[in-house]
Amino acid sequence: MRGARARPPAGPSGAIPFTRPAVTGRELDYLRQAVESGRLAGDGPFTQRCQGWLESRLGTAKALLTHSGTAALEMAAILCGLEPGDEVIMPSFTFVSTANAVVLQRAVPVFVDIRPDTFNIDETRIEAAITPRTRAIFVVHYGGVACDMDAIMDLARRHRLMVVEDAAHAILAGYDGRPLGSFGDLAAFSFHETKNLISGEGGALAVNDPQLVERAEIIRQKGTNRNAFFRGQTDKYTWVDVGSSYLPGELIAAFLLAQFDEAERLVAERTAVWQRYHTGFARLEEAGLLRRPVVVPRCRHNAHLYPLLMADLPARSALIAHLQGLGIAASFHYVPLHSSPAGRRFGRTGGSLAVTDDVAGRLLRLPLWSGMADQPEIVIDAIAGYFRMLNR
Ligand SMILES: *Cc1c(COP(=O)(O)O)cnc(C)c1O
């Protein structure tokens, strides 16, 4: 921990980047082992160890490493058995991959509004968006804060819909004592450089419904029964279904295993930063100058993001510019998909998206990475100083 803190920040001296990839120190050892083993294609020993780690953490029937979170979402969309014109309910306030996965199956994303507190899909607005064509609900645990999975799973059961968790932000986060990514039929994780645990590019699909495991393996292996063949469960290795190449090579898995080894520490370091921000902004929230993220009692978040809500869009733009002048990289977040060119072309709205539009215009994310030393206090002081200057 001390070692990580002693490293200088990246970029020009004094500048505080928005994110910085954390490296645990064991990555190069594992990469060397992989290289020296001569086993570099996917599904080797490092992949097996990463999948085993995920399976024990999530309690899932099968975890499959993928080359990205996007790939895991695409596999999930195929496994939902979507037909052209089928509908999938999802938030508009998400990354493009949540919707693209569905559109690639010629299905229609139906965008539902988010809750003003957690910025997650508003579970009370889902039912009104269900039609006879609805097949699935794709939820996103924004910033590693859980959606209301009780209400969503209940709704899905009553309407016989599949549930996919976009858990790209949510590794090691929980809800009512259960890990996120273990509630839906399927869940997609991302290990992109900007996420909590990383392999540059990378992802995983958690297959929670045991009946989907065999097909998931086939889809990931180019539509072949390669995995079953190598387990000796079939005597022919052949093309049996649609599929693509969704698996990463062993070098990615070797890097990722080093991150999994230190996962608790990496999340604890982020959580400490998150908590310093939270304490540091209490007074500004009391003064009505901004809103801190809402702490939800049943959720154990993983400190993936620290999102502040500003008064309005001009207030946010002004603060981003001010921080930029001080070398502090703060950032807005998603452009709502329902208002994007492709979202309008391929999707439709399911009810009002007033909260989404409002939040997207005012939300501001602060720098957050494990290994931050005094940077959180510099950011807090910069924002407090900004408001003092405005009030003079
Ligand atoms: C990062 C992210 C993805 C995509 O993950 P990649 O690994 O970059 O493909 C999908 N959904 C959400 C919500 C994300 O934040």
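Any value given below was found using the heavy atoms of this structure, including those in side chains, with hydrogens, waters and symmetry copies removed. Every number for a ligand or one of its atoms is a count from 1 in the order of the listing.
Distances below 4.0 Å separate heavy atoms of Lys195 from the following atoms of ligand 1: 1 (C), 2 (C), 14 (C), 15 (O). Heavy-atom contacts of Thr70 reach the following atoms of ligand 1: 4 (C), 5 (O), 6 (P), 9 (O) (cutoff under 4.0 Å). Counting atoms of ligand 1 from 1 in the listed order, those under 4.0 Å from a heavy atom of His192 are 7 (O), 8 (O). Every atom of ligand 1 is numbered from 1 in the order shown, and the set under 4.0 Å from a heavy atom of Gly202 is 7 (O). Against a heavy-atom cut-off of under 4.0 Å, Ser68 is close to the following atoms of ligand 1: 7 (O), 9 (O).
Using a 4.5 Å cut-off on side-chain heavy atoms (C-beta onward), Arg215 and Val240 make no contact.
The side chain of Tyr334, and not its backbone, has at least one atom closer than 4.0 Å to an atom of ligand 1 (non-hydrogen atoms only; side chain from C-beta on).
Between Glu217 and Arg231, at least one side-chain N (NZ, or NE/NH1/NH2) sits under 4.0 Å from a carboxylate O, which counts as a salt bridge. Between Arg115 and Glu123, at least one side-chain N (NZ, or NE/NH1/NH2) sits under 4.0 Å from a carboxylate O, which counts as a salt bridge. In this structure, Arg362 pairs ionically with Asp358, as a charged nitrogen and a carboxylate oxygen lie closer than 4.0 Å. A salt bridge links Glu262 with Arg26: at least one charged nitrogen is closer than 4.0 Å to a carboxylate oxygen. For the pair Asp150 and Arg298, the salt-bridge criterion is met [side-chain N within less than 4.0 Å of a carboxylate O].
The side-chain contact (heavy atoms from CB on, under 4.5 Å) check on Thr134 picks up Glu87, Ile89, Ile130, Thr131, Leu161, with sequence neighbours excluded.
Nearest protein heavy-atom neighbour of atom 3 (C) of ligand 1: Phe95 CD2, 3.6 Å. The protein atom (non-hydrogen) at minimum distance from atom 15 (O) of ligand 1 is His169 NE2, 2.8 Å. The protein heavy-atom contact nearest to atom 14 (C) of ligand 1 is Ala168 CB, 3.3 Å. Looking at atom 5 (O) of ligand 1, its nearest protein heavy atom turns out to be Ser190 OG, 3.3 Å.
At a 3.5 angstrom cut-off on N or O pairs, Asp166 counts as close to ligand 1. For Thr94, no nitrogen or oxygen atom sits less than 3.5 Å from a nitrogen or oxygen atom of ligand 1, counting backbone and side chain alike.
A side-chain donor-acceptor contact under 3.5 Å links Thr47 and Glu250.
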